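Note that the coordinates shown come from a computational prediction; the quantities given were computed from them, not determined experimentally. Just so we're on the same page: letters track the sequence lines, and every chain starts at 1.
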2 protein chains.
Amino acid sequence: MANPDEAGIREAATKQAPAKEVTMKEVAAHAGVALSSVSRVLNDHSDVSESMRKQVLDAIDAVGYEPNLLASSLRRGSTMTVGFIANDISNPLFAEIAMGAERRLNEAGYSMVLTNSEGSPERDEAMIRLLRWRRIDGLILSVADEERAGTLAELAKLSEPVVLVDREMRGATAVSAVLSDHANGMQAAIDHLLELGHRRVALISGRPGLRPVRERVHGFKAAFRARGLELPEDLLKFDSFSATFGEQATHELLAADYPPTAIVAGGNLLLIGVLRALQTAGRTVGSDISLVSCDDVPLTELHSPAITVIDRDALQMGEAAAELLLKLLAGGEGPLVAEIPTSLIRRASTQPHPMG
Amino acid sequence: MANPDEAGIREAATKQAPAKEVTMKEVAAHAGVALSSVSRVLNDHSDVSESMRKQVLDAIDAVGYEPNLLASSLRRGSTMTVGFIANDISNPLFAEIAMGAERRLNEAGYSMVLTNSEGSPERDEAMIRLLRWRRIDGLILSVADEERAGTLAELAKLSEPVVLVDREMRGATAVSAVLSDHANGMQAAIDHLLELGHRRVALISGRPGLRPVRERVHGFKAAFRARGLELPEDLLKFDSFSATFGEQATHELLAADYPPTAIVAGGNLLLIGVLRALQTAGRTVGSDISLVSCDDVPLTELHSPAITVIDRDALQMGEAAAELLLKLLAGGEGPLVAEIPTSLIRRASTQPHPMG
DNA sequence: CAGGGTATTGGCAACGTTTCCAGTAACACA
DNA sequence: TGTGTTACTGGAAACGTTGCCAATACCCTG
């Protein structure tokens with residue numbers, strides 16, 4: 001590499017298309033004013049004369065100037081950007097939350113960069129770190145693992161405000177969050193099933209470490225307890241929110257000695273697996289077995305029979321998350337918490353237990 | 001940044017705490033070496049001694065240093081970031097494309113910032129401009145309007161490589177793109193319906209300005225022409241890809257004097273509307289009316305009867321888009337084009353025409 | 001020991017902004 | 001005429017990096 005001949009060649013090859021950027025300097029030169037005046041015009045400071053403003057503005061589109069937000073952010077110490085780390089962007093629920101958040105943030109002049117952890121705690125950490133290095137002004141996320149030390153550590157290093165979506169991190173000092181009321185939603189759903197005469201009610205959901213799962217289990221138990229009934233412990237299946245787990249768990253449940261007469265699927269991906277399994281096993285939803293799902297998606301409405309769901313307003317969740325973050329960004333004291341209600345939408349998939 | 005709306009907010013937010021950053025300077029001081037040596041270690045240049053490397057690395061986590069990617073990008077002239085502008089992130093199809101692209105880009109060391117135009121050409125333009133000002137290294141997008149002058153202008157100002165997803169911009173100098181083969185897919189689907197005896201086949205799709213719509217119409221016409229049949233011009237409905245339009249168009253079609261015996265929905269949102277309308281009208285999919293949709297989503301598989309679709313691999317589309325962009329980023333000469341095949345998945349929603 | 005590498009390091013000027021601090025001109029007032 | 005005030009403008013120092021260039025120390029050869 002130190003060969004002088006090579007160096008020469010490299011130098012020649014380095015002679016890339018310069019692609020010289022048009023900077024404020026050019027604008028200033030063209031307008032015959034100082035750099036600082038151009039800056040003042042661009043940031044509409046109070047102390048600029050009309051003639052100066054016109055002069056600079058003309059020069060700007062004469063030379064085709066475009067601001068460099070990197071330089072601006074570096075100098076200013078703020079990027080006007082917030083990060084959003086989604087667990088799974090292909091899940092319409094998260095997509096809608098992200099959309100709600102982005103709308104609200106854009107209104108306030110912030111822009112949002114959306115990234116996808118694909119449910120991996122490692123990627124979670126990597127994304128937090130990357131966004132931190134990018135100097136985002138705030139972060140909205142739904143961590144993949146609430147207990148993970150690495151994630152906690154990465155978040156702790158972030159001095160900017162953070163809002164969790166449907167997560168609580170008990171290992172950390174209290175952090176702002178928007179939380180949906182899974183417990184009450186689930187309690188209502190289970191109560192509905194019990195009312196219909198079901199006793200063998202199964203719950204299929206993700207890892208019990210996650211808040212939505214925890215809360216739903218609370219609601220589940222509360223409903224049984226309220227009626228003085230014993231909990232069907234053997235019908236609780238926790239592993240992941242994926243369709244494949246939904247399918248596998250359903251098969252296991254159906255094959256048991258005392259199979260359930262009703263199933264609750266803890267998410268729209270799980271539901272897909274459950275439906276596949278029921279179809280394979282030749283069971284008819286509604287008449288053979290009752291079914292409840294979480295989160296209203298087109299499939300639940302259009303399935304025949306239509307599927308009873310515990311619903312919540314995903315858009316609203318996103319907006320609420322953005323709202324909290326904006327409050328914090330404006331200097332508000334944290335932690336702030338917003339509760340999003342859930343509601344039970346009864347449809348044809350839940351029918352009275354034939355022997356109930 | 002010149003947006004006057006932002007001024008007030010920024011001013012309010014400026015009253016931040018100082019929060020002095022830990023920079024390379026601190027690291028250098030702590031290690032007793034020069035700033036440039038720290039930089040060399042961080043970018044692992046060849047000419048650093050082992051002792052220096054250790055010394056600096058130790059100092060780095062002694063002082064808790066975190067790189068500032070803004071400064072780095074500014075200096076280096078490259079952000080290692082590519083933008084992705086999606087039409088509608090809550091559409092699982094786009095979400096999957098984005099996911100495919102992000103995976104491939106991450107592998108190559110790039111990170112992706114995902115934004116959402118919500119199908120609005122104005123937002124399209126605004127997003128292109130913003131990303132340009134952020135100095136992204138490349139852009140993947142699916143413009144909302146292929147003809148719009150403003151969008152063309154914004155793209156023209158971008159000197160970095162661009163890859164379109166399922167779009168062609170005829171007003172611009174040729175631009176790279178990943179295109180799916182809608183024409184053949186549609187032709188196969190229509191041929192399937194014609195084979196089943198259907199003649200009154202309706203097509204509901206988005207605005208005809210968009211490539212997927214254009215191509216599908218080609219395929220549609222080709223299938224009729226190939227059999228020497230006359231085109232049912234009155235059954236072609238173009239307006240938007242939304243569920244509401246799907247519903248409205250279906251109602252119109254059903255109310256016509258010569259209603260269709262088969263409907264093709266040009267997207268998964270349209271399908272939702274079509275299904276709603278059919279349900280309202282009391283028509284049974286399959287026996288009363290045949291149905292084909294575009295893009296395989298859980299709903300099509302799990303609906304009863306299951307719905308015949310023209311499928312394509314969305315993940316692959318995203319990966320292909322990233323692949324093309326990476327080639328261009330590596331200095332490859334454009335424009336590059338990748339074709340993604342479509343395939344017809346026959347299911348129970350397409351049945352022989354009773355009178356066929 | 002001179003001479004010429006080689007390997008490593010330090011210093012310094014950028015990158016494109018913003019912002020503080022002076023400086024200037026114009027004007028009013030006494 | 002001098003003084004103070006107002007309204008603007010220019011200059012220059014940051015922000016945190018990177019990369020070129022020169023400097024140093026060391027080693028090897030003759």
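One can place CG of D47(A) at 12 Å from P of dC20(C), the figure rounded to the nearest angstrom. Rounded to whole angstrom, the span from the NZ atom of K54(B) across to the C1' atom of dT9(C) amounts to 19 Å. The CZ atom of R134(B) sits 18 Å away from the P atom of dG16(C) (whole-angstrom rounding). Atom P of nucleotide dT9(D) and atom CD of E50(A) are separated by 10 Å, given to the nearest angstrom.
Under 3.5 Å, the side chains of S142(A) and D166(A) contain no donor-acceptor pair of N or O atoms. Side chains of T81(B) and R134(A): a donor on one and an acceptor on the other come within 3.5 Å. A donor and an acceptor atom, one from each side chain of E154(A) and T151(A), are nowhere located under 3.5 Å apart. Using a 3.5 Å distance cut-off with no hydrogens or angles, the side chains of E118(A) and S120(A) do not pair a donor with an acceptor.
The phosphate of dT9(C) (OP1 or OP2) has no side-chain N or O of S37(B) nearer than 4.0 angstrom.
In summary, E160(A) and R132(A) do not engage in a salt bridge, as defined by a charged side-chain N under 4.0 Å from a carboxylate O. Salt bridge present: E147(A) and R170(A) bring a charged side-chain N and a carboxylate O closer than 4.0 Å.
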### Message
Protein within reach of the bases, or only the backbone? For nucleotides 11-19 of chain D, mark each nucleotide 5' to 3' as B, S or -, using heavy atoms under 4.0 Å.
### Response
B-BBBBBBB
